[in-house]
Amino acid sequence: MPEGPSILILKEKVQQFIGEKVIAATCNNDTLDTEILTDQTITAFKSWGKHFLICFPQFTIRIHMMMFGTYRINSHTEKPPRLHLQFEDGELNFYACLLQLIEEPLDKVYDWSADVMNPEWDTKKAIKKMKALPNLLACDALMDQQLFSGVGNIIKNEVLFRSRIHPESLIAAMPSKKVKEMINETIRYSFEFLQQKKKGTLKRHWQAYHKKECPRNHVPFIRKDTGKSRRASFYCELCQVKY
DNA sequence: GCTAATGTTATCGC
DNA sequence: GGCGATAACATTAG
């Protein structure tokens, strides 16, 4: 279900529960002791990349949707939710996700400047981190959640196509101007993704992801599992330069 | 009915 | 112990 932008949409949709007290909570496996949630009041919803964070006064619940995670707000499906939060007036349900209790302060756990959609995003820091990885490929860099938290396979493919970079390019071989261009496009496209996802027009505007041919010169796209993660890349050998 | 897919973590073998 | 490769998990549109 989610790359970073989809988590921002979730965060927006649950704003009504801030300040609400959990009157009951359940978990359909034993990955979280939900007893600690009873009578606790939600102080905030936060996100770091693909992590969705439900904040309580003394701790935070981390939710990761993986590939197939879903949620329902003030409704539920026929299946028992992984996490169910019952409020006086409403309910929140999460399915097929990973749950984790965080007891440390979030600022100690998360580097907010690594989240491509966070206002604290830090391009210079990202470049510095990439320089420490001499064999890093562009496709792996974008998928690395420590470098570009929130980027998934869709954003990766669209960014590489739009900035005309071959997925198997060596970051260290790219001119610094090109690296910056890739980073700027990552931020820009992530927000475009957000707007289009909200409008329901996301798929319609894909230029590379799952596309058959290059919209620039109409040659067939190469589809190849690339990089350490071996995730599918869709790219044009004519216009995407391999550094 | 089968396949593939927006992802991460655990485990195995070297 | 560290590394990479592989398996495991879980959902649903097409």
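Chain letters run A, B, ... following the sequence lines, proteins first and then strands; every chain starts at 1.
Going from the C1' atom of dA5(C) to that of dT6(B) covers 23 Å, rounded to whole Å. Rounded to whole Å, the P atom of dA10(C) lies 15 Å from the corresponding atom of dT11(B).
For Arg230(A) and dG4(C), the shortest distance from a side-chain N or O to OP1 or OP2 is not below 4.0 Å. Considering only side-chain N and O atoms, Arg231(A) lies under 4.0 angstrom from the phosphate OP1 or OP2 of dT6(B). In this structure, Lys50(A) does not reach the dT6(B) phosphate: none of its side-chain N or O atoms is under 4.0 Å from OP1 or OP2.
Between Leu99(A) atom CG and dC9(C) atom C1' the separation is 14 Å, expressed in whole Å. Taking atom CD1 of residue Ile154(A) and atom P of nucleotide dA4(B), one finds them 18 Å apart after rounding to whole Å. Summarising the geometry, the separation between CG on Leu98(A) and P on dT11(C) is reported as 12 Å, rounded to the nearest angstrom.
Summary of the strand contacts: Lys228(A) and Ala96(A) both lie near DNA chain C, and taking for each the nucleotide with the nearest heavy atom, the more 5' one is attributed to Lys228(A).
Minimum atom distance to the side chain of Arg223(A) is reached by dA4(B), of the listed dA4(B), dT8(B), dT6(B).
In this structure, Tyr209(A) and Trp206(A) have perpendicular ring planes: the angle between them is above 60°, well past the 30° mark. Between Phe87(A) and Phe17(A), the angle of the ring planes stays under 30°, which puts this pair in the parallel group of the 30/60° scheme.
Aromatic ring centroids of Phe234(A) and Phe161(A) lie 6.0 Å or more apart. For an aromatic pair to be called close, the ring centres must be under 6.0 Å apart, and His166(A) with Tyr243(A) fails this.
When heavy atoms are screened at a 4.0 angstrom cut-off, Tyr95(A) is found touching no nucleic acid atom at all.
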